[in-house]
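In the text below, chain A, chain B and the rest are named by the order of the sequence lines, each starting its count at 1. It should be emphasised that the depicted structure is a prediction, and the values quoted were computed from it without experimental measurement.
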Amino acid sequence: MRASQTLISTLKETPTDAEIISHQLMLRAGLIRKLASGLYTWLPLGLKVLRKVERIIREEMDRSGAQELLMPAVQPAELWQESGRWQAMGAEMLRLKDRHQREFCIGPTHEEIITDLCRTELRSYKQLPVNFYQIQTKFRDERRPRFGVMRAREFIMKDAYSFHINQESLEETYAVMHRTYCRIFDRLGLEYRPVLADTGAIGGSGSHEFHVLAESGEDAIAFSTVSSYAANIEKAESLPPQQPRPQPGAAMVRVATPQQRTISEVSQFLETPPQQILKTLVVNGADEEGNESGLVALVLRGDHELNLLKAQQLNGIFSPLTLAADETIEAAIGCSIGSIGPVGLKLPLFVDHDAAVVADFVCGANSDGEHLQGVNWERDLPLPTITSLRNVVEGDPSPDGEGVLTIKRGIEVGHIFQLGDKYSQAMNATVLDENGRAQVMTMGCYGIGVSRIVAAAIEQNHDERGILWPTAIAPFQLALLPMNLNRSAAVEEMTERLYRQLSDMGIDTIVDDRNERAGIMFADMELLGIPHRIVIGDRGLKNGTLEYRNRQESENQDIAVDEIISFIQQQLALA
RNA sequence: CGGGGCGUAGCGCAGCCUGGUAGCGCACCACAAUGGGGUUGUGGGGGUCGGAGGUUCAAAUCCUCUCGCCCCGACCA
């Protein structure tokens with residue numbers, strides 16, 4: 001491609017509303033432009049990258065045996081009512097009406113549509129398993145879009161849905177998808193990890209997320225230092241402590257703690273480490289039918305964080321988990337949230353297993369401005385239900401018993417689920433089995449955030465000059481930079497010759513034939529992150545050489561003119 | 001949705017407090033010089049100051065309403 005005929009809209013200054021580096025660089029390099037909150041135009045160079053990502057995904061999905069199709073972005077309400085999600089989805093689903101006042105939404109995902117398709121098209125178990133995928137624009141009206149294309153409202157996703165006669169078949173395809181995802185992220189040239197994950201709103205049983213590792217990642221991931229155990233922190237199990245609870249060594253006393261509300265305040269005030277203090281959180285409870293009812297107290301060690309998912313799964317707790325309102329707590333307990341404690345508390349109680357082995361602890365006295373010291377389970381109060389309530393922390397033993405956990409940040413770029421029959425059941429998607437009986441199909445679903453991958457790749461690969469694309473998804477593999485193109489016939493001739501040769505070889509090349517100064521060409525191509533560059537100048541041509549430079553390096557290499565082609569081939573093969 | 005902040009040229013900003021008819025840098029156009037790391041000079045084009053209403057002889061500036069955007073927050077592929 002010729003730079004003179006390409007929209008290269010680079011910016012010298014960083015737009016102020018771009019927080020993270022990928023967003024800044026995508027704007028500066030002229031890959032995207034914002035239209036409105038969470039809505040972005042992909043400029044030609046950005047689209048080139050996006051297409052390369054899509055292409056790799058397509059090739060690997062096709063290779064896995066999946067079939068591509070394309071479903072509408074606008075979907076009728078009826079299907080969503082059938083699955084029950086028209087109510088369940090809430091405000092993140094963008095709803096609209098057509099001219100006949102019929103209700104539609106802009107698809108945040110496509111389970112309903114594919115299930116509807118398959119229940120009419122698939123008749124027999126002999127047609128299973130199948131796996132359909134599409135690369136499509138989705139819309140989720142995020143409460144807070146941010147980080148550019150990373151968490152946009154409109155975004156591009158590859159989503160796949162598989163259908164099976166039984167769980168065993170589902171597990172086979174699930175394993176194939178796991179492998180396929182690894183191939184995809186390998187080819188994309190990203191450092192990533194598959195991790196155990198929660199199934200979230202979509203529901204189902206087994207699930208893995210694929211995370212690109214980057215400091216700016218929104219998710220925390222726990223890894224074993226020794227084994228292959230890796231899990232999203234919201235899913236990571238904390239093992240019960242091995243050592244028993246020490247014997248009580250102190251008497252329970254009530255102490256005044258005026259104005260001391262948070263764990264760190266109480267810790268400082270009483271000169272007690274947070275591990276020795278127990279915090280009590282009050283959340284909304286649920287009755288037998290799962291309706292919101294009453295309050296439940298959760299007790300954790302002061303230095304630990306509540307794990308929402310674990311708490312939410314407990315019987316008697318309202319889902320989704322919500323902290324009780326301050327006024328509700330005041331009314332029920334008679335103190336504010338800074339002074340709640342388990343002693344004498346008339347609420348159903350759950351205690352985290354690490355909090356259950358603390359002796360002589362400090363906790364709120366259920367009276368404002370007072371705490372209890374030297375409290376002991378089974379002496380001063382009965383030991384309530386012990387369970388796992390907290391997030392794992394760095395240094396916890398790995399749940400598989402091998403090594404300890406470390407925690408890193410990740411960007412979720414893929415997610416695979418064993419859905420089960422949630423949708424096929426609700427929508428009555430059946431096939432006949434070998435006995436001629438109608439069987440509800442079992443489903444899997446497999447997503448990749450295509451547009452998010454572009455941002456994630458930049459988060460992981462950049463320097464102070466700009467982007468460092470993995471070769472597979474760089475907008476161009478190679479930049480040809482002629483010096484004084486318009487004033488040197490020799491340079492012009494060599495440039496044209498090389499451009500033709502490289503292009504004919506199928507190397508994605510940009511030749512910077514703009515009438516720009518050298519500095520501008522260098523800066524633009526570095527910002528854009530083109531992995532390889534060749535400078536053509538009279539200076540080198542005099543000696544029969546061209547200058548090669550890899551984007552990752554800071555030194556030029558002089559290469560003889562007649563060796564340049566094989567040299568470039570070599571460089572590209574290395575990548 | 002709650003809390004905070006910001007809307008002045010394509011981008012980054014000043015001007016607003018103390019009303020007097022809009023400015024700087026980058027980008028853009030023309031010409032010239034320069035020509036291997038965002039070069040220099042001269043001359044240009046471009047703004048209903050987010051929108052509506054109000055106060056005033058006079059509003060970017062003061063007041064009210066409204067829209068948009070950004071940041072923080074606890075349920076987000």
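No more than 12 heavy atoms of other residues, nucleotides or ligands lie within 6.0 Å of CZ in Arg497(A), so this atom counts as exposed by the packing criterion.
Taking the C1' atom of each, C13(B) and A27(B) are spaced 14 Å apart, rounded to whole Å. U48(B) and U21(B) have their C1' atoms separated by 14 Å, given to the nearest Å. Nucleotides A59(B) and A52(B) place their P atoms 14 Å apart, quoted to the nearest Å. Atom P of U8(B) sits at a distance of 14 Å from the matching atom of G15(B), rounded to the whole Å. One P atom belongs to U66(B), the other to G10(B), and the distance between them is 28 Å to the nearest Å. When the C1' atom is used for both A58(B) and A30(B), the distance is 39 Å, rounded to whole Å. With both ends at atom C1', the span from U56(B) to G38(B) equals 49 Å, rounded to whole Å. Atom P of A74(B) sits at a distance of 38 Å from the matching atom of U61(B), rounded to the whole Å.
With G38(B), C71(B), G35(B) as the choices, the nucleotide that has an atom nearest any side-chain atom of Thr10(A) turns out to be G38(B). Nearest nucleotide to the Asp524(A) side chain, out of G38(B), U39(B), C70(B): G38(B). Checked against C69(B), C72(B), G38(B), the side chain of Lys34(A) finds its nearest nucleotide in C69(B). For Glu547(A), whose side chain is taken as the heavy atoms from C-beta onward, the closest listed nucleotide among G36(B), C76(B), C26(B) is G36(B). Closest to the side chain of Arg549(A), out of C72(B), G12(B), G37(B), is G37(B). Distance from the side chain of Arg487(A) is smallest for G35(B) among the nucleotides G35(B), G36(B), C26(B). The Arg452(A) side chain lies nearest to A77(B) when the options are A77(B), C70(B), C26(B). When each of G25(B), G38(B), G35(B) is scored by its nearest atom to the side-chain atoms of Glu13(A), the top-ranked nucleotide is G25(B). Of the candidate nucleotides C71(B), G36(B), A77(B), C71(B) has the atom nearest to the side chain of Arg144(A). The Ala36(A) side chain lies nearest to C69(B) when the options are C69(B), G12(B), G37(B).
Rounded to whole Å, atom P of C11(B) lies 14 Å from atom CG of Leu43(A). Atom CZ in Phe522(A) sits about 6 Å away from atom C1' in G37(B), given to the nearest Å. Taking atom CZ of residue Arg153(A) and atom P of nucleotide G68(B), one finds them 10 Å apart after rounding to whole Å. For Leu323(A) and G73(B), the CG to P distance is 15 Å, given to the nearest whole Å. Asp17(A) has its CG atom 16 Å from the C1' atom of C72(B), to the nearest Å.
Taking a pair to require two hydrogen-bonding distances under 3.5 Å in either a Watson-Crick or a G-U wobble arrangement, C1(B) pairs with G73(B). Pairing partner, C65(B): G51(B), with both Watson-Crick or wobble hydrogen-bond distances short of 3.5 Å. C28(B) and G44(B) make up a base pair, with Watson-Crick or G-U wobble contacts both under 3.5 Å. Using Watson-Crick or G-U wobble geometry with both donor-acceptor distances under 3.5 Å, G35(B) finds no partner in any strand shown.
OP1 or OP2 of C13(B) sits under 4.0 Å from a side-chain N or O of Thr16(A). Taking only side-chain nitrogens and oxygens, Ser37(A) comes nearer than 4.0 Å to OP1 or OP2 of C70(B).
For Phe350(A), there are no ring pair (Phe, Tyr, Trp, His ring centres under 6.0 Å) partners at least two apart in sequence or on another chain. Residues meeting the side-chain hydrogen bond (donor to acceptor under 3.5 Å, both in side chains) test with Ser238(A), sequence neighbours left out: Ser388(A).
With hydrogens and angles left out, the side chain of Arg143(A) and the base of C1(B) share no donor-acceptor pair within 3.5 Å. For G37(B), the base has a donor-acceptor partner in the side chain of Arg533(A) [N/O atoms by modelled type, under 3.5 angstrom]. Scanning atom types as modelled, no donor and acceptor separated by under 3.5 angstrom connect the side chain of Glu516(A) and the base of G38(B).
Both the sub-6.0 Å distance and the 45° axial angle are satisfied by Arg95(A) relative to the ring of Trp86(A).
Checked by atom type and distance alone, the side chain of Glu234(A) never pairs as donor or acceptor with a backbone atom of Asp219(A) at under 3.5 Å.
For the pair Ala152(A) and Arg517(A), both in contact range of RNA chain B, the more 5′-proximal nearest nucleotide belongs to Arg517(A). Nearest-nucleotide assignment on RNA chain B puts the 5′-proximal partner with Gly38(A), out of Gly38(A) and Glu92(A).
One finds a salt bridge joining Arg551(A) and Asp463(A) here, because a Lys/Arg side-chain nitrogen approaches an Asp/Glu carboxylate oxygen to under 4.0 Å.
Ring planes of Phe567(A) and Tyr548(A): perpendicular class, angle over 60° (limits at 30 and 60°).
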